[in-house]
Every structure is written in structure tokens, then in C-alpha cells.
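Order of the sequence lines fixes the chain letters, A, B, ..., with proteins taken first and strands second; residue numbering starts at 1 for each chain. Everything numeric here is computed off the predicted structure, so don't read it as measured data. When reading the values below, keep in mind they use all heavy atoms of this one structure, side chains included, and skip hydrogens, waters and symmetry mates.
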Amino acid sequence: MSNTRMLMEMRTVLEKEFFERPAPAVAPELLGMYLVRRSGATEHAYMITEVEAYEGYDDRASHASKGKTARTAVMFGPPGRWYVYLVYGMHEMLNVVTGADGHPAAVLIRGVEGIEGPGRLTKRLGITRAENTLPATKATGLWIEDRGVRIAPHQIQKTPRIGVAYAGEWAHKPWRFVLDKSSSRR
DNA sequence: ACGATGATGAAC
DNA sequence: TTCATCATCGTA
């Protein structure tokens with residue numbers, strides 16, 4: 001079997017260790033990975049194209065900055081679990097918990113190939129708070145796969161996070177990472 | 001530019 | 001128990 005063929009067929013479910021790092025390190029590496037959804041017999045995979053990092057207690061844009069509560073408890077738990085919450089009374093937001101157990105951090109998945117916007121994404125894939133706290137590292141209902149796509153640094157656009165103007169200095173951190181289609185060829 | 005729509009956290 | 005706020009989106 002050729003090397004190329006092996007790469008093309010590579011399908012590795014991301015493990016807990018992948019997520020056991022600071023969110024700003026994990027987030028850009030999720031670009032090019034595949035969000036995989038199984039509903040009954042059908043399975044769909046979507047390449048991740050837009051993410052945001054929320055890191056630690058001090059990040060005022062993060063829900064964790066208010067401390068551990070019923071909602072945010074999962075952020076304080078082990079890495080590699082889903083954190084799904086409702087915002088504006090109608091949109092479910094999909095996050096993966098990162099960092100060591102006890103350290104609150106997560107990456108918000110804001111977009112995948114063909115679906116722009118965190119609310120649209122969860123609606124299209126049928127993701128709700130029912131997924132909250134479930135592992136993102138088991139190939140059951142919803143998980144993330146490495147399918148061999150490698151993203152070069154010049155294809156990643158860094159910007160401040162969206163919708164966090166209330167967060168003071170933290171609003172300026174360049175912790176939103178977008179896969180830039182126009183720079184995908186060199 | 002604005003309203004929808006309900007959970008959350010903090011104040012009372 | 002009430003209140004302001006919210007990691008957004010569709011319609012105007």
C-alpha cells in the first residue's frame with residue numbers, strides 16, 4: 001500500500017491526550033479535522049473550518065470566569081468531553097473541553113465546511129444539550145476524526161473572538177481561528 | 001437594525 | 001423570586 005493511500009484512508013478518532021493542552025494550542029489544530037455525526041445508520045463527516053479558544057479562570061470571555069457552576073462544571077472536568085449550552089434562548093453552542101482535569105477551558109466549534117455559524121451548525125447536525133458532558137473521543141454519536149488533512153500556518157487566519165465585547169482586554173485576544181480558503185493553494 | 005426566546009447567575 | 005444578560009440568527 002502506498003504512503004499516499006495510507007494517508008488518504010487514515011481515520012483516527014482524536015483521543016483525550018489531544019485535548020489535554022491549553023485551548024489556544026488545541027483550537028488551531030482542530031482546523032482540518034472532521035466532526036463526525038452518526039444518526040441511526042447514517043454517518044456524516046464535516047471538516048472543521050472555524051473555532052475559538054476559551055482558556056482558564058481569568059479569561060473574562062469564558063463562562064469559567066464566574067467559577068464552577070452547574071452549567072460550567074464540565075469545563076472544569078477531564079478534557080475531551082462535549083460542553084453544549086444554550087445561548088440567546090435558542091441556539092445550542094458546541095464546545096470541546098480542553099486542558100487537564102481541574103483546569104477550565106474549551107474550544108467552541110463555530111463552523112464546518114458548508115455550514116457557517118455555531119448556531120446553524122448545531123441545528124443542522126441535530127446537536128443539543130443532550131450531548132453535554134458526553135465524550136468526544138468515542139466513535140458513537142458525535143466525535144472528531146483526523147483524516148490526514150494537514151493545514152499550513154499560512155492557511156489559518158487569527159482574529160479576536162466574536163460576541164465577547166463585554167470581556168475587556170480579553171476581547172482582543174486573537175483566539176478565533178479560521179481556515180482561510182483563499183490561501184489553501186500556494 | 002431589531003426582535004425572538006429561555007437558561008443562567010447575581011441581586012434582592 | 002425577580003432581573004439583566006447572553007460565545008446568535010433570521011428578517012427588515
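A/Y54 qualifies as a stacking partner of the C/dA7 base, centre to centre under 5.5 Å and near-parallel within 30°.
For DNA chain B, the residues of residues 88-117 of chain A within the heavy-atom distance limit of 4.0 Å (strictly under) are A/Y88, A/G89, A/M90, sorted by number.
Taking atom CZ of residue A/R71 and atom C1' of nucleotide C/dC6, one finds them 8 Å apart after rounding to whole Å. Note: CZ (A/R124) to P (C/dT8) measures 19 Å, nearest angstrom. A/I162 has its CD1 atom 16 Å from the P atom of C/dC6, to the nearest Å.
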Could you give me the CA-CA distance, side-chain angles and deciding distance for A/R176 and A/T159, then say whether side chain to side chain donor-acceptor pair (under 3.5 Å) is met?
CA-CA 5 Å; A/R176 172 173 174 252; A/T159 83; 3.0 Å; yes
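Each of C/dA7, B/dG9, B/dA7 was ranked by its minimum atom distance to the side chain of A/K66; first place goes to B/dG9. Counting only heavy atoms from C-beta on, A/R120 has its side chain closest to C/dC9 among C/dC9, C/dA7, B/dG9. For A/T72, counting side-chain heavy atoms from C-beta on, the closest listed nucleotide (B/dG9, C/dA7, B/dA7) is B/dG9.
Comment: A/E43 engages A/R11 in a salt bridge, judged by a side-chain N to carboxylate O separation of less than 4.0 angstrom. The pair A/E29-A/R21 counts as a salt bridge, with a side-chain nitrogen and a carboxylate oxygen less than 4.0 angstrom apart.
Of the possible polar contacts, one joining the A/Y166 side chain to the A/A61 backbone as a donor-acceptor pair under 3.5 Å is found.
With both pairing distances under 3.5 Å, B/dC2 is matched to C/dG10 as a Watson-Crick or G-U wobble pair.
A ring-ring contact (aromatic ring centres under 6.0 Å, His included) check over residues 85-115 of chain A, counting only residues at least two apart or in different chains, returns the pairs A/H63-A/Y85, A/Y83-A/Y85.
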